[in-house]
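In what follows, a single structure is set out as structure tokens and then discussed.
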Protein chains: 2
Amino acid sequence: MSVTPAESQIMEALWIQGPLTASEVIAAVKDQDWGEATVKTLIHRLLKRGAIRSERADGRTVYRAVLERAAYVQAESQSLLDRLFGGEVAPLVAHFAERRSLKPAEIKRLRALLDELDDDAD
Amino acid sequence: MSVTPAESQIMEALWIQGPLTASEVIAAVKDQDWGEATVKTLIHRLLKRGAIRSERADGRTVYRAVLERAAYVQAESQSLLDRLFGGEVAPLVAHFAERRSLKPAEIKRLRALLDELDDDAD
DNA sequence: CCAAAAAGTCTACAGCTGTAAACCATTGTG
DNA sequence: CACAATGGTTTACAGCTGTAGACTTTTTGG
């Protein structure tokens, strides 16, 4: 169930704010300045593809994400790792480390993450 | 200087094997089973876009990557991080950690990376 | 209940991408 | 040198994506 970059903006709105009406979605992606028609098209394509669902209750239609954010993030990330880093996370981190583009705060955060992984070694 | 997924297969061949003739490129991406014509088209588009360059010496034309792999990897990775993880590496690692999809070897590797970063704290 | 507004569906269209055939140029070989 | 093979260029075309207008249906305020 693929989602294009433009469509993912719609998904993002639904993931963050929960089910929304069309006009709420339009408002939510206002920063993209797309015409309303454009947003309607994107919603429609997502519906057809099954990434979202529409629910009708007393005159209002709300759109709800079917595809979950975690699944989407996972698919996108794994695809990048596969294409560029042999499918693993460590080489990506290594790349950023070499670039020296890891801020100290990030390094700290990473270390904390690893420590936690050791802790709950279930 | 954008490179599409299909085109990136050509780049990959040039990055790994260095400058190649057209027929060597065709051989290098044989696993994709594309017709020769397809490979030629991809080479051409890369040329036009400036991602590769052709050099002619005594009757042979070789193609050489102009765009560097590290730059490409960086751009692609950063774009993913920006789209999905607030531009930072740590949240991506966190995501995989939550998924429990980090193999012990990877965790070890990550830890080693972080240690090195501390060491040469230049 | 009717008309205006809002919401939803259908159609359009240009540019990008994957895929490749056809055509033109070069080069090496008998 | 002529021709076959190889290499390079141009053209093609369908599907996807971004972008949006036009048309239809539903809702709602007077």
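In what follows, every chain begins at residue 1, and chains take the letters A, B, ... in the order their sequences are listed. All figures in this text were calculated on a predicted structure; none of them were measured in a lab.
In this structure, B:I52 atom CD1 and D:dG8 atom P are separated by 11 Å, rounded to whole Å. The interatomic distance linking B:R45 (CZ) with D:dT10 (C1') rounds to 12 Å, in whole Å. Atom CG in B:L42 sits roughly 17 Å away from atom P in D:dG7 (whole-Å rounding). Per the geometry, NE2 belonging to B:H44 stands 12 Å off C1' belonging to D:dT11, to the nearest Å. We find that CD of B:E55 is positioned 13 Å from P of D:dG8, with the value rounded to whole Å.
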Under 3.5 Å, which donor-acceptor pairs link side chains of residues 30-37 of chain B to any protein atom two or more places apart or in another chain?
none

Scan the side chains in residues 3-18 of chain B for donor-acceptor partners under 3.5 Å anywhere in the protein, sequence neighbours excluded, and list what turns up.
| unit_1 | atom_1 | unit_2 | atom_2 | d |
| --- | --- | --- | --- | --- |
| B:T4 | OG1 | B:E7 | N | 3.3 |
| B:E7 | OE1 | B:T4 | N | 2.9 |
| B:E7 | OE1 | B:R49 | NH1 | 3.1 |
| B:E7 | OE1 | B:R49 | NH2 | 3.3 |
| B:E7 | OE2 | B:R49 | NH2 | 2.7 |
| B:S8 | OG | B:P5 | O | 2.7 |
| B:E12 | OE1 | B:R69 | NH1 | 3.1 |
| B:E12 | OE2 | B:R69 | NH1 | 2.5 |
| B:W15 | NE1 | B:L67 | O | 3.0 |

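Each salt bridge (charged side-chain N to carboxylate O under 4.0 Å, His left out) pair with one or both residues in residues 17-27 of chain A, not counting sequence neighbours, would appear here, but there are none. Evaluation of the salt bridge (charged side-chain N to carboxylate O under 4.0 Å, His left out) test over residues 78-90 of chain A, restricted to residues two or more places apart or in two chains, returns A:R83-B:E76, A:E88-B:K103. The ring pair (Phe, Tyr, Trp, His ring centres under 6.0 Å) pairs that include a residue from residues 75-95 of chain B number zero, where partners must be two or more places apart or lie in different chains.
The stretch residues 15-40 of chain A touches DNA chain D through A:W34, A:G35, A:A37, A:T38, each having a heavy atom under 4.0 angstrom from the strand. Listed by residue number, the members of residues 59-67 of chain B with any heavy atom below 4.0 angstrom from DNA chain D are B:T61, B:Y63.
Residues passing the salt bridge (Lys or Arg N to Asp or Glu O under 4.0 Å) test with A:R111 are B:D115, B:D118, sequence neighbours excluded. Legend: residues meeting salt bridge (Lys or Arg N to Asp or Glu O under 4.0 Å) with B:R53, ordered by chain and number and at least two apart, are B:E55. Residues satisfying the side-chain contact (heavy atoms from CB on, under 4.5 Å) criterion with B:S54, sequence neighbours excluded, are B:L47, B:T61, B:Y63.
Shortest non-hydrogen contact noted between B:R109 and A:A90 is CG-CB, 3.5 Å.
Counting any heavy atom pair closer than 4.0 Å across all strands shown, B:R49 reaches no nucleic acid atom.
For the pair A:E106 and A:F96, the minimum side-chain heavy-atom distance is 4.5 Å or more. With a 4.5 Å cut-off on side-chain heavy atoms, A:L80 and A:L84 count as touching. Using a 4.5 Å cut-off on side-chain heavy atoms (C-beta onward), A:V62 and A:L20 make no contact.
Separating the NE2 atom in A:H44 from the NZ atom in A:K48 is a distance of 7.0 Å, to the nearest 0.5 Å.
With axes fitted over five pairs at each extremity, the angle between the ends of the helix from C:dC1-D:dG30 to C:dG30-D:dC1 is 10° (10° resolution).
Comparing atom distances between the A:R56 side chain and each of D:dT19, D:dT26, D:dG8 picks out D:dT26 as nearest.
Interface limits on DNA chain C: the 5'-most and 3'-most nucleotides within less than 4.0 Å of chain A heavy atoms are C:dA7 to C:dA12.
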